[in-house]
Asker: 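Encoded as structure tokens, here's the structure I'll be asking about.
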Amino acid sequence: MFLQNRIGVTKFRQIRQRFSTPKIDKQQWEEKTVAFNDVFTSLKDRELNREDREDSEELVGDRARSSLAVNDRQFDFELVKTFLPAFFDHEAMLTDSVKKDVRSLSFVYQLDEMEMSRLMIEAMIGDDTIDIERLRTVVKKLVSPSTRSKSSKAWASDDG
């Protein structure tokens, strides 16, 4: 009412008509939700280099975090458990929220089960809790261009 009183009835109706949307019939509505990785693929660091893109291309900058639905057919938690020490309580450690974040991180940064299990161990608090924020930080440090080659060589030498 305040706006209508300030700008007048005619102008208010014009603005309301311009910004109103038609009513949607919910009976004819069909949900079309799919997992993130069914629609998009992740890119390797070398694919993100500025020199490789045309001048007309632009990458989207940082956005607010939102949850990412990645289905689990591409990540094997049973295999991850084999890489984790046997004395860890795998069931307590691998909660649904941890699995969801591990799945997303492994998809986005293209990490296999062995790499993720090592990173999960680094992100542990105590014997059976994984700090999600710490895991994100560890993963980001690993995949940054300056540390990726060093970490890969160090891990390769650990395997002997």
Side-chain angles (χ1 to χ4, degrees), residues 21-160:
T21 57
K23 200 169 193 175
I24 297 173
D25 182 14
K26 300 281 183 176
Q27 301 298 329
Q28 296 177 351
W29 185 268
E30 183 181 343
E31 182 88 23
K32 299 261 184 179
T33 304
V34 295
F36 182 83
N37 59 332
D38 288 340
V39 179
F40 300 101
T41 59
S42 63
L43 300 173
K44 296 186 185 288
D45 289 338
R46 66 181 173 273
E47 294 170 332
L48 295 174
N49 289 338
R50 179 73 180 138
E51 300 82 38
D52 296 341
R53 293 193 311 268
E54 295 180 20
D55 291 335
S56 62
E57 293 178 331
E58 184 176 332
L59 294 178
V60 176
D62 291 338
R63 292 189 177 179
R65 281 190 187 168
S66 61
S67 82
L68 185 32
V70 177
N71 58 25
D72 52 327
R73 68 183 138 103
Q74 295 179 337
F75 197 81
D76 185 2
F77 281 100
E78 293 304 314
L79 183 58
V80 168
K81 290 177 186 178
T82 63
F83 294 122
L84 296 173
F87 58 86
F88 286 151
D89 184 0
H90 298 148
E91 299 308 315
M93 185 170 63
L94 296 173
T95 63
D96 289 340
S97 65
V98 168
K99 285 182 178 182
K100 180 180 160 210
D101 285 334
V102 165
R103 223 178 271 123
S104 296
L105 289 168
S106 70
F107 172 76
V108 170
Y109 294 109
Q110 296 183 343
L111 300 171
D112 63 11
E113 288 81 359
M114 178 185 262
E115 283 180 310
M116 276 308 294
S117 64
R118 290 181 180 182
L119 297 172
M120 289 165 62
I121 291 171
E122 285 185 46
M124 289 190 67
I125 302 172
D127 287 342
D128 61 355
T129 306
I130 296 176
D131 181 357
I132 300 296
E133 286 305 314
R134 188 171 175 189
L135 180 61
R136 287 184 183 129
T137 304
V138 169
V139 168
K140 286 176 187 174
K141 283 182 184 176
L142 172 74
V143 299
S144 69
S146 61
T147 59
R148 180 69 183 206
S149 60
K150 294 176 190 173
S151 298
S152 301
K153 290 176 186 173
W155 283 7
S157 64
D158 286 347
D159 294 338

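Heavy-atom basis, side chains included; hydrogens, waters and symmetry copies ignored.
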Asker: To the nearest 0.5 angstrom, please state how far the CG atom of Leu105 sits from the CD1 atom of Ile132.
Answerer: 8.0 Å
Asker: Considering residues, nucleotides and ligands other than Asp96, do more than 12 of their heavy atoms fall under 6.0 Å from its CG?
Answerer: no
Asker: Could you tell me which non-hydrogen atom of Phe40 sits nearest to which non-hydrogen atom of Phe107, and how far apart they are?
Answerer: O-CZ, 3.4 Å
Asker: How long is the gap from OG1 on Thr137 to CG on Asp131, to the nearest 0.5 Å?
Answerer: 8.0 Å
Asker: Looking at Arg118 and Glu115, does any basic side-chain N land under 4.0 Å from a carboxylate oxygen?
Answerer: no
Asker: Quick check for you: to the nearest 0.5 Å, what is the distance between Phe75 atom CZ and Lys100 atom NZ?
Answerer: 15.5 Å
Asker: Taking atom OH of Tyr109 and atom CE of Met116, what is their separation to the nearest 0.5 Å?
Answerer: 10.5 Å
Asker: From Leu119 CG over to Lys141 NZ, what is the distance, rounded to the nearest 0.5 angstrom?
Answerer: 11.5 Å
Asker: With side chains defined as the heavy atoms from C-beta onward, is the minimum distance between Val143 and Gln110 less than 4.5 Å?
Answerer: no
Asker: Nearest 0.5 Å, what's the CZ-NE2 distance between Phe77 and His90?
Answerer: 12.5 Å
Asker: Shortest non-hydrogen contact from Asp76 to Glu113?
Answerer: N-OE2, 3.0 Å
Asker: Nearest heavy-atom pair of Met124 and Arg134: which atoms, and what distance?
Answerer: O-NH1, 3.5 Å
Asker: Nearest heavy-atom pair of Leu94 and Lys99: which atoms, and what distance?
Answerer: O-CE, 3.5 Å
Asker: Going by heavy atoms in the side chains, are Leu142 and Leu111 under 4.5 Å from each other?
Answerer: yes
Asker: Going by salt bridge (Lys or Arg N to Asp or Glu O under 4.0 Å), name the residues that satisfy it together with Glu30, two or more places apart in sequence or in a different chain.
Answerer: Lys32
Asker: What I'd like to find out is whether the side chain of Ile121 reaches to under 4.5 Å of the side chain of Pro85, using heavy atoms alone.
Answerer: yes
